[in-house]
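The structure appears right after this line, and notes come after that.
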Amino acid sequence: MKAELFDIFDEAMNPIGQATRAEAHAKGYWHQTFHCWLTRREGDRRLVQFQLRTATKDTNPSCYDITAAGHLAAGETVAQAVRELEEELGVSAPFEQLVPLLRWQEEDEGVANGIPYIDREFSHVFGLVWNEPLAAMRLQAEEVAGLYEAELNDMIALFEGQIETVEASGIALQKSGSDYVNVAGQTVVRASQFVPRDLAYYIQVLRALEKLT
C-alpha cells in the first residue's frame with residue numbers, strides 16, 4: 001500500500017515540504033486536517049453526532065471523536081477533503097452545504113498500539129445539518145467503530161463540567177460473516193472518553209452547532 005503523503009508546515013503555517021503520515025506523526029510536523037460535525041433537529045430536540053474511533057487507529061484509538069474527520073493529502077484542498085464524509089459515513093454532501101465553524105491549531109502526543117506519536121494539526125472545522133437516521137449510515141470499518149448521538153445541550157453541559165455523563169444512542173459495527181452490520185445500542189459517555197483536546201475546542205464547536213441547528 002502506498003504511504004499517505006501530507007503537506008507539512010512550520011508553526012506559522014508556512015509550507016516546509018512534504019512527509020508521509022508516519023513521518024509527520026513521528027517527528028511532529030504540522031499538517032492540515034478536516035473536521036465535520038453533524039447535527040440534526042428532532043422536534044424540539046437538537047442532537048449532535050460523534051464517532052467511536054477504531055482500536056487500530058494510529059492516534060487516540062478507541063476514543064470518541066468528531067463525526068467525520070481526516071487529514072488533507074498532499075496537494076488536496078479543504079473543499080476536496082469533504083470526501084471524508086462519504087468515506088467514513090457514506091454521507092454524500094457538497095462542500096457548499098457545510099458551514100465553517102472555526103479554525104483550530106492543536107498539539108497532542110502519546111502512544112498508540114505501542115508506537116509513540118506527536119500530532120500537530122491545523123484543523124478546518126465545519127458543521128452540517130443532516131437529518132438522515134443513523135441506521136442509514138454506512139460506516140468505514142477501518143476507521144469508525146460506531147456512531148452515536150446525544151442531546152446538544154447535554155453535550156455542552158458535559159464539556160463545561162456541569163454534568164459527568166451523557167446518555168447517547170447509536171450504532172456500532174459488528175462483524176457478520178465476511179461483512180459488517182450496524183447494531184443499534186445505547187451507551188453512557190464521559191468527556192474523558194473523547195480525544196483529549198483543549199475543552200475550549202469542544203465547547204466552541206458545540207456552541208456554534210447550537211446556533212446552526
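All figures in this text were calculated on a predicted structure; none of them were measured in a lab.
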Worksheet entry | Test: Asp108 and Arg120 ion pair at under 4.0 Å | no

Discussion item. Can you give me the closest heavy-atom contact between Ala68 and Glu88, atom names plus distance?
Written reply: CA-OE1, 3.3 Å

Worksheet entry | For Leu152, the option from Arg46, Arg207, Arg40 that meets side chain to side chain contact (heavy atoms under 4.5 Å, CB included) | Arg46

Worksheet item: How far does CG of Leu173 sit from CD of Glu142, to the nearest 0.5 angstrom?
Response: 9.5 Å

Worksheet item: Do NZ/NE/NH1/NH2 and the carboxylate oxygens of Glu23 and Lys27 come within less than 4.0 Å?
Response: no

Discussion item. For the OG1 atom of Thr39 and the CE atom of Met155, what is their distance to the nearest 0.5 Å?
Written reply: 10.5 Å

Discussion item. Evaluate Cys36 against Leu98 for side chain to side chain contact (heavy atoms under 4.5 Å, CB included), listing each step before the verdict.
Written reply: CA-CA 8 Å; Cys36 189; Leu98 276 57; 4.1 Å; yes

Fill in: Gln105 vs Glu11 side-chain heavy atoms within contact, under 4.5 Å
yes

Discussion item. Tell me if the aromatic rings of Trp30 and Phe122 count as close, with their centers under 6.0 Å from one another.
Written reply: yes

Worksheet item: Are Val82 and Leu102 connected in the hydrophobic side-chain network, where two residues link if heavy atoms are under 4.5 Å apart?
Response: no

Worksheet item: If you look at every heavy atom in Trp130 and Ser92, which pair is closest and at what distance?
Response: CH2-O, 3.7 Å

Fill in: Distance flag, aromatic centroids of Phe194 and Phe50, threshold under 6.0 Å
yes

Item to complete: For the residue pair Tyr29 and Phe9, establish whether any side-chain heavy-atom pair is separated by less than 4.5 Å.
Response: no

Discussion item. Quick check on ring pair (Phe, Tyr, Trp, His ring centres under 6.0 Å): which of Phe34, Trp104, Trp37 does Phe126 satisfy it with?
Written reply: Phe34

Discussion item. So does Arg41 get a backbone contact from the side chain of Thr213, meaning a donor-acceptor N/O pair under 3.5 Å?
Written reply: no

Worksheet item: Which heavy atom of Met137 sits nearest a heavy atom of Leu147, and at what distance?
Response: CG-CD2, 3.6 Å

Worksheet item: Which is it for Glu151 and Arg45 under the salt bridge (Lys or Arg N to Asp or Glu O under 4.0 Å) test, yes or no, and what are the steps along the way?
Response: CA-CA 7 Å; Glu151 297 275 358; Arg45 302 173 68 209; 2.6 Å; yes

Discussion item. Measuring from atom CD1 of Ile156 to atom CD of Gln204, what distance do you get when rounded to the nearest 0.5 angstrom?
Written reply: 12.0 Å

Item to complete: Keeping the roles fixed (side chain from Asp198, backbone from Tyr201), state whether a donor-acceptor pair exists under 3.5 Å.
Response: no

Worksheet item: So with a 6.0 Å cut-off around CD of Glu167, is the heavy-atom count from everything else above 12?
Response: no

Item to complete: Treat each ILVMFWY residue as a node, draw an edge where side-chain heavy atoms are under 4.5 Å apart, and state whether Leu52 and Val189 are in one component.
Response: yes

Practice prompt. Kindly compute the distance separating CD1 (Ile118) from CD (Glu107), expressed to the nearest 0.5 Å.
Written response: 9.0 Å

Fill in: Lys/Arg-Asp/Glu bridge criterion (N-O < 4.0 Å) met for Lys57, Glu143
yes

Worksheet entry | Exercise: identify the closest heavy-atom pair between Glu164 and Leu158 | O-CD1, 3.4 Å

Discussion item. Using side-chain heavy atoms (C-beta onward) and a distance below 4.5 Å, is Pro61 in contact with Thr56?
Written reply: no

Worksheet item: So, Gln51 versus Asp65: side-chain donor-acceptor pair below 3.5 Å or not?
Response: no

Discussion item. One thing to verify: whether Glu76 and Arg83 come together as a salt bridge, which I'm taking to mean a side-chain N less than 4.0 angstrom from a carboxylate O.
Written reply: yes

Worksheet item: Among the clusters formed by ILVMFWY side chains lying less than 4.5 Å apart, do Leu212 and Leu128 turn up in the same one?
Response: no

Practice prompt. Identify whether Leu72 and Tyr117 are in the same connected component of the hydrophobic contact network (ILVMFWY, side-chain heavy atoms under 4.5 Å).
Written response: no

Fill in: Side-chain touch Glu87/Arg138, heavy atoms, less than 4.5 angstrom
no

Discussion item. Would you say the rings of His71 and His31 are close, in the sense that their centroids are separated by under 6.0 Å?
Written reply: yes

Discussion item. Does Ile171 form a side chain to side chain contact (heavy atoms under 4.5 Å, CB included) with Leu139? I'd like the steps, not just the answer.
Written reply: CA-CA 9 Å; Ile171 53 175; Leu139 306 186; 4.0 Å; yes

